[in-house]
Amino acid sequence: HARFLARLYRPLADDGGLPADWVSDHLKRLDKTDGDIDTLATRLAHIRTWTFISHRADWLEDAVGWQMRAREIEDRLSDALHQQLTQRFVDQRAAALVRSLGDTEADLLGGIKSDGEVQIEGFRVGQIEGLQFVLDMDATSASDNRLDTERTLRAAARPLVSAELARRARLLSNITSSLANTDPTITIQGDGQINWLDIGIAQLSKGETALRPGVKLLANDLEDLDRRSLITALDSFVKNRIEYLLQPLVALTHKTAAGKDELGGAARGLVFQLQENFGNLPRSQVNDLTRDLPRPDRQALRRAGVRIGAWSVFVPALLKAKRSALCGLLWTVFHRPGQQTQTLPAGRVSLPSEVGTPLAWYAANGYRPFGEMVVRIDIVERVADLLRGFDNKPFEVSPDMLSLPGCSKDAMEPILTGLGYIKAEAIADQAQQFRRPSLNERKRQLQKQSRQPHSKRKTGKRPEPVINPDSPFAGLKEMMNG
């Protein structure tokens, strides 16, 4: 310290101030937060000396700037020293805990706080997150053999953790036992994960049918008996939640099962296909069933919530956002298990289709493809109803038409084409019009679609067929040529 004061005195006596480069070099050497407690404490003492020097405006140019820099270095060193002292205290307590655990005759006090923190002898050893115990690795830092210490801590915490996890499993079983469970603490997320208190505990998996997915527990520390009981309870919860949310579809199922005398064979077949396809089907796919439906069956299906439209047979109640999202999730879980699930924005009646997304997934959500976009099936029916009023007359695309799917005129063209309309002959200085094709035009379209192109027969030598060298015919050819 005396040498430092001597070096400080010389420039003050000779020049009347301290050189900026000399001051900066000293502060730079002190601006380090590595080292042990003694090293940090020594640096902190030195920087406080420079804090005092920086307040002598007659010794330094830009004294305020040096004050700010010295204060910043002092704050960083103070924080680093505080962290080292805290860690030493934690390490000492951890070492004491490890020594206590080594005493097999010692009675250890432990408990679990309301937030899931596990403590032994007042020391935090881990946290219960959902159904899993996560060991606090800081608790093993004071040991030379961290693996042995980790095993010891887990063994010490096991009685507490096992009892708490068993309690949570029983609580979850009680929560999920309700047939119409709406408890907000347990939810099925858009990706198929089952959350309890916002922590994932299980995941939907492929089951026997799309409407009956399985359940797999995520990482957990439950005992085998508790694990099996909880899987059974969660399986029942998922079944009841699906039936609760998709009640209109479940009602159809019950109607088919209980009312065989009420519905005819075609109507029961139609209901079965609706069940298999999340409550909606293209009309063209079931024309043979809808064509011969007697009036009483149509009325019964209408009372059950089924609409037989011009383009789709569907249950309108399933198009609500939560229900359609669940249908899309169940389709993904069954048909593309393990794949990342998607969700459509709620309230959108049309949107661009994404490349690589199966059209069947859009169908499960209640949408039909038209060009590069998809449109909700009830909107398709409303557009078709609006166009039906023009009969066979040409018409222009009106704002009322565009407001239904909420799209532009360009995007409306593939919708009109998909509904069977064609462009009318262009008229100068008028907007493009569309019309329904005539009967002859429809016949020509069907003939064109059914006609297969025939290539002209080529003359000359017929090319020799390529024979697989590993096939028996290759061996036969060698024998004949040999």
Side-chain angles (χ1 to χ4, degrees), residues 94 97-98 100-140 143 145-179 181 183-189 191-208 212-242 333 337-338:
L97 174 63
V98 171
S100 299
L101 295 176
D103 185 358
T104 56
E105 298 181 358
D107 293 329
L108 300 177
L109 297 177
I112 299 176
K113 299 174 68 174
S114 59
D115 62 354
E117 180 179 309
V118 181
Q119 292 187 344
I120 297 179
E121 294 294 325
F123 185 78
R124 183 182 190 278
V125 297
Q127 183 84 22
I128 296 180
E129 298 179 358
L131 302 175
Q132 185 179 23
F133 173 62
V134 181
L135 185 67
D136 187 352
M137 299 311 296
D138 289 340
T140 65
S143 173
N145 192 333
R146 299 189 64 166
L147 291 178
D148 288 344
T149 302
E150 181 179 340
R151 284 194 289 269
T152 303
L153 288 174
R154 287 188 181 277
R158 185 174 295 118
L160 294 171
V161 171
S162 296
E164 173 63 15
L165 290 178
R167 185 192 71 83
R168 293 189 178 197
R170 290 193 299 272
L171 178 60
L172 272 168
S173 297
N174 292 333
I175 290 175
T176 57
S177 63
S178 173
L179 291 177
N181 181 275
D183 192 306
T185 62
I186 182 166
T187 57
I188 300 176
Q189 300 298 300
D191 59 356
Q193 180 172 285
I194 301 175
N195 281 8
W196 180 51
L197 298 174
D198 297 327
I199 297 177
I201 60 171
Q203 182 75 34
L204 297 184
S205 61
K206 183 174 181 178
E208 296 178 358
R212 285 300 306 272
V215 175
K216 290 184 178 179
L217 289 180
L218 300 179
N220 65 88
D221 293 303
L222 294 172
E223 301 292 340
D224 288 342
L225 181 60
D226 293 331
R227 187 181 296 112
R228 288 194 296 269
S229 299
L230 183 56
I231 289 177
T232 302
L234 287 176
D235 185 70
S236 177
F237 160 75
V238 170
K239 175 180 176 293
N240 294 334
R241 179 62 64 90
I242 290 174
V333 170

> About how many Å separate CG of L165 and CG of L160, when rounded to the nearest 0.5 Å?
Replying inline: 11.0 Å
>> Just to verify, what does D235 make a side chain to side chain donor-acceptor pair (under 3.5 Å) with, not counting sequence neighbours?
In response: none
> Considering residues at least two apart in sequence or located in another chain, which fulfil the side-chain contact (heavy atoms from CB on, under 4.5 Å) criterion with V333?
Replying inline: L204, P213, L329
> Under the side-chain contact (heavy atoms from CB on, under 4.5 Å) test, which residues partner A166, sequence neighbours left out?
Replying inline: R170, D226
> Under the salt bridge (charged side-chain N to carboxylate O under 4.0 Å, His left out) test, which residues partner K239, sequence neighbours left out?
Replying inline: E243
>> To check you understand the geometry: which heavy-atom pair defines the closest contact between R241 and I186, and what is its length?
In response: NH2-O, 3.7 Å
> Taking only residues two or more places apart in sequence or in another chain, which ones pass side-chain contact (heavy atoms from CB on, under 4.5 Å) with R227?
Replying inline: L217, N220, L222, D224, I231
Under 3.5 Å, side-chain donor or acceptor atoms of residues 196-203 against the rest of the protein: list the pairs with distances, not counting sequence neighbours.
from : atom 1 : to   : atom 2 : distance (Å)
Q203 : NE2    : D191 : O      : 2.9
Q203 : NE2    : G192 : O      : 3.4

> Roughly how far apart are K206 NZ and K216 NZ, rounded to 0.5 Å?
Replying inline: 11.5 Å
>> Checking E129 now: which residues fulfil side chain to side chain donor-acceptor pair (under 3.5 Å) with it, not counting sequence neighbours?
In response: none
>> According to salt bridge (charged side-chain N to carboxylate O under 4.0 Å, His left out), who are the partners of R167, at least two apart in sequence or on a separate chain?
In response: E164
>> Taking side-chain contact (heavy atoms from CB on, under 4.5 Å) as the definition, give me every residue that meets it alongside E117, ordered by chain and number, with sequence neighbours left out.
In response: K113, D115, Q119, R124, Q127
> Just by modelled atom types, is the T232 backbone N or O under 3.5 Å from a matching donor or acceptor in the S236 side chain?
Replying inline: no
>> Applying salt bridge (charged side-chain N to carboxylate O under 4.0 Å, His left out), can you list everything that pairs with D221, at least two apart in sequence or on another chain?
In response: none
> Partners of R158 by salt bridge (charged side-chain N to carboxylate O under 4.0 Å, His left out), sequence neighbours excluded?
Replying inline: none
> Hey, what do you get for CZ (R154) to CG (L135), rounding to the nearest 0.5 Å?
Replying inline: 5.0 Å
>> Using the rule side-chain contact (heavy atoms from CB on, under 4.5 Å), only one of L172, I175, I188 pairs with F237; which is it?
In response: I188
> Taking all atoms of both residues into account, what is the closest heavy-atom pair of S229 and S173, and its distance?
Replying inline: O-OG, 4.3 Å
> Got a sec, which residues hit side chain to side chain donor-acceptor pair (under 3.5 Å) with S205, two or more places apart in sequence or on another chain?
Replying inline: none
